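Treat the numbers as computed from the prediction; the structure is a model and nothing was measured. Just so we're on the same page: letters track the sequence lines, and every chain starts at 1.
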Amino acid sequence: MKWKEYEAKWQQRWDEAGVFVPQVEDSKRPKFFVTVPYPYTSGALHIGHGRTFTTGDVVARFKRHRGFNVLFPMAFHISGSPILSISDKIAHEDVKTINLYKRYLEIYEKDLEKIDGIIESFKDPEKVAEYFAGKINLDFKSVGYSIDWTRQFDTGQPHYNKFIEWQFHKFKETGILVKGSHPILWSLKNSQPLGEDDISDGDVDKVSISEFTLIKFEGEDGFFVAATLRPETLFGATNLWINPDVHYVVADVNGERWVVSEEAVGKLGVQGGSVKVVKKERGRVFLGKTVSDPLGRQLPVLPAGFVDPDNGTGVVYSVPAHAPYDYQALVDLKRDAKFGPVVSEIEPVVIISIPGYEVPAREICERMGIRDQRDSRLEEATQEIYKAEFYTGVLNDKCERFSGMLIQNIKDEVKKWLKQKGASGVFYETSRKAVSRGGDKVVVAVLDNQWFIDYNHDKWKAKTRKHLAKMVILPEKFRKLFENTVEWLDKRPCARRRGLGTRFPFDKEWVIESLSDSTIYMAFYVLIPYLQGVAPEKLKPEVFDFLLLGEGDAEKVAKLTGLSVEKVNEARKAFEYWYPNDLRHTAPAHIGNHLTFFIMHHLAIFPEKLAPPCITLNEMLIREGAKMSKSKGNVIPLNHVKEKYGADLYRMYVVSSADLDTVVDWREKDVGAVQRKLEKFVEIMDRCSETTEREVVNEIDRWMLSRFNRSLKVCTENMEAFRFREAVVEMFFKLLNDVRWFERRSEEPYGLLRKIAKDWLVSLAPVIPHTAEEYWEKLGGGESGFVSLAKWPEANEKIINSGIEKSEDFVQGVMEDIRSMIKMAGHQPGRIYLYTAEDWKWKALELVVKEKQGALKHARTFKDPAEAAKTLASFVKNRVWENGIERLDEASIIAGAEKILKEEFGAEVVVNDNHDPMNKKGKAMPFRPAVYLE
RNA sequence: GCGGGGGUGGCGGAGCGGUCAAACGCGUCAGACUCAAGAUCUGAUCCCUAGUGGGUUCGUCGGUUCAAAUCCGGCCCCCCGCACCA
């Protein structure tokens, strides 16, 4: 295909001419600063990622045509743990990872020999980042993004680190940075935090952290510590359960003596406790003993096989009235020789009232016919009771101060109360049993000295709500998601133990978390041209204070950095010129974190006028109805676009096939349809470039120009409103159909089309820039520079002519009628007679348009009042006034369309002839001539 | 569970109070071109009807209105997010 050639050609020319590298200007030309989040460089990007960047590029290009000085920069994100994990895995010869990356490399490397060497280099994480950054850069160029690459950086660079350090200094000054402890998923074996990616099946079956309440039961060996998710059930406890066959330990925990399972003691050790094991015992050793609960009651310790030593503490208190497992275990134990007598004295204590139950656990076990405590249906029974109790349960008078309260309201209250009594603590457990990809068990650890960003700090949220209300969010339906996110954001850890990025400035053991280091970096794009020559260690916070906030003075910054005072002032001026970031465009997936941080961090540091004014979003892209994923093997890398489809086809498809808030479905068949349209467009442009421009000679020429200007008007309005699909459908697809019609109707279509060809090219240049450049040059536009920088055409309203368009609609309507009649008749006519409506029918129509229902009373004034009444009534029924009907000279319009009618039907067309054997004349209505075929 | 978004023809999807039997595309059918296939072009594609007319449709059940795919309420179903993950 020829466009492969010209796409590369124009990309190179743009590059050489620096077309997309803007300068700070003093002129009145307004600036427009647009960003799309920098990609994470752990692998190849695919056409789904490309959708977002393409949309951003369309905006950037459109704004350029509209006279803005546009800054559209790009950088690369390498912060966080994924790239590090990849390197680690490759260094450890992880076959799966190595194969995955080999496949990635095959996308880019023709020379397969080189792949092993590159993989080898990936043992260094920086090489991974560097490699993919380089490739993504080329991918982006290959689809024609109008990016200013002179500002490219990555988030591991020392200059960037200094900038992020400054950001956190600011956070500290404002008081939003706080310190505390925090639970995370952890590998006990490697003493390392585990992210979703590190956990086996972590992506499909998420592991979350559950908070258990520890409750202490005092016995002669120390405290038996039970872990529960439902501390309020303590009031109904009747005994403790211990698994007789597993190992328990007696240990010193924070100065107290505790009895817990062997598994639990390891977990306690990483949850902030100081733990020392005193001795290890089989569970059965403790059976039959008595403990006292926090309410002062004496409870027996009994055996139960269902107790899992690896869930919670392996010590469970029994609530037989409400927990089916507990109830059934007691029933089972009644038959036991040793414990039977003790058990028979135990009565379930009902503490929660729910409709339909007296003693819920007993009734459900009996109803379901549970056999024993190994019965698998106990799980189901438990769920049912728990659910009912959570939503409808009310604590009864056995629950002291909590009686009468709803379960769902009191959990935290009970925890607080138990804590005050000194009878409880907190224990974290994973929501499911999980192992890391390396095979070690996943537990929960509590990190002390964790740094948080406190999103609830002071007036921050109030300020955010206020600003958000003023922001433009498009599509508007995503606004609610922002509002909700602002509400639920709480303290969020912002430093991690592991990962690439910027060291936490107040504690260098930590690394700034990767979402928190990419929220105000748009400012860095503005500064980077000025900072590149400065040694990073010279970039003290004072430097950024001046450049970004105007605090301090240029002389001091010049001294600190070694830059000249002029240069420093220039940098400050650049920032004042470009900021705020007029538009941030990305995917809705980021609303729940990145985008909201983006807004809030700006508000925390900058004056409100520099906070983001506008965010636009586009949905994802799927392929043939299915999500693209590595495992399905249906991913199309962005790199394949230029070879397989061509950049302009890809861009046109992505923009035209769905609105921003709708998923794009990449369907090969539909892509082919768009391709044919593009080919048609190119063919028209070729013809235009081979012809000389001619003047308007007839109505059909006027029609074409009217259509063009109308489309241009609609297109411009939609582009301005970010409705790109609509804009392109109008300016490309509909207009192509019009041109096709015009080709049939006009003797010399291309001479006339040449008049509008250049404007047409500019209006499509944001979407198909390469084709636009190519034909811009062919049509002689090149003398005035690149089409990418051409002025957007203005629709000429004076040329838009509804009357002419109506006439043409009329011709098409007549053709349709004739066609359907021929179809019904089943044979070709030799002659087609058309009869237009008589004058009085037009008068009737006009009367109804003017007087609506009132027109009916004028029936008498017509020659044939009965006929007139019927006609008037039908016009009223059809509410004809809503269309603002204008009278057409139908006979002469048909005469003007003689050529196409003849061509189409291969028959002579006769208008208003006296020959009317079927008496059709009377059937004619305005806009609907009667037809007789002969 | 909480929060958000949706359910339109054989399919993907526009439409979001009247010009709607519903854009555009895919698929299917017919015709043209071709030795033929493919591509391309032209047309048809809810049902009835020698035509501009009638009938039944937009998850489901109701309601508001002269008028509803479009507004309101109930119900059913699907998708997405819920934090330390980029």
With a 4.0 Å cut-off on heavy atoms, is [X] in touch with a base, just the backbone sugar-phosphate, or nothing at all?
X	answer
A/Thr662	sugar-phosphate
A/Asn593	base
A/Leu481	sugar-phosphate
A/Lys627	nothing
A/Arg740	sugar-phosphate
A/His77	sugar-phosphate
A/Asp490	base

Options [options], nucleotide nearest the side-chain atoms of [X]:
X	options	answer
A/Arg725	B/rA39, B/rA86, B/rG15	B/rG15
A/Leu515	B/rA86, B/rA83, B/rA14	B/rA86
A/Arg744	B/rG43, B/rA86, B/rG27	B/rG43

- Is the cationic atom of A/Arg496 (NZ for Lys, CZ for Arg) positioned less than 6.0 Å from the six-membered ring centroid of A/Trp510 and within 45 degrees of its normal?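 Here A/Arg496 fails the 6.0 Å and 45° test against A/Trp510.
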Watson-Crick or G-U wobble mate for [N], both contacts under 3.5 Å:
N	result
B/rG38	none
B/rC85	none
B/rU52	none
B/rC24	B/rG12

- Query: Toward the 5' end of RNA chain B, which comes first, A/Lys677 or A/Lys680, by nearest nucleotide?
  - Reply: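 Going by which nucleotide is closer to the 5' end, it is A/Lys677.
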- Task: Verify the contact: side-chain N or O of A/Ser81 to OP1 or OP2 of B/rA86, cut-off strictly under 4.0 Å; return yes or no.
- Result: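 Checking A/Ser81 against B/rA86: at least one side-chain N or O falls below 4.0 Å of OP1 or OP2.
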- Message: Test ring-ring contact (aromatic ring centres under 6.0 Å, His included) on A/Phe597 and A/Tyr455; report intermediate values, then the result.
- Response: CA-CA 9 Å; A/Phe597 300 163; A/Tyr455 286 94; 5.2 Å; yes
- Task: Run the numbers on A/Asp88 and A/Arg498 for salt bridge (Lys or Arg N to Asp or Glu O under 4.0 Å), then give the verdict.
- Result: CA-CA 12 Å; A/Asp88 277 359; A/Arg498 196 165 154 259; 3.4 Å; yes
- Message: Within the structure provided, determine whether A/Asp154 and A/Tyr160 are in side-chain contact (heavy-atom separation under 4.5 Å).
- Response: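 Not touching, per the 4.5 Å side-chain cut-off.
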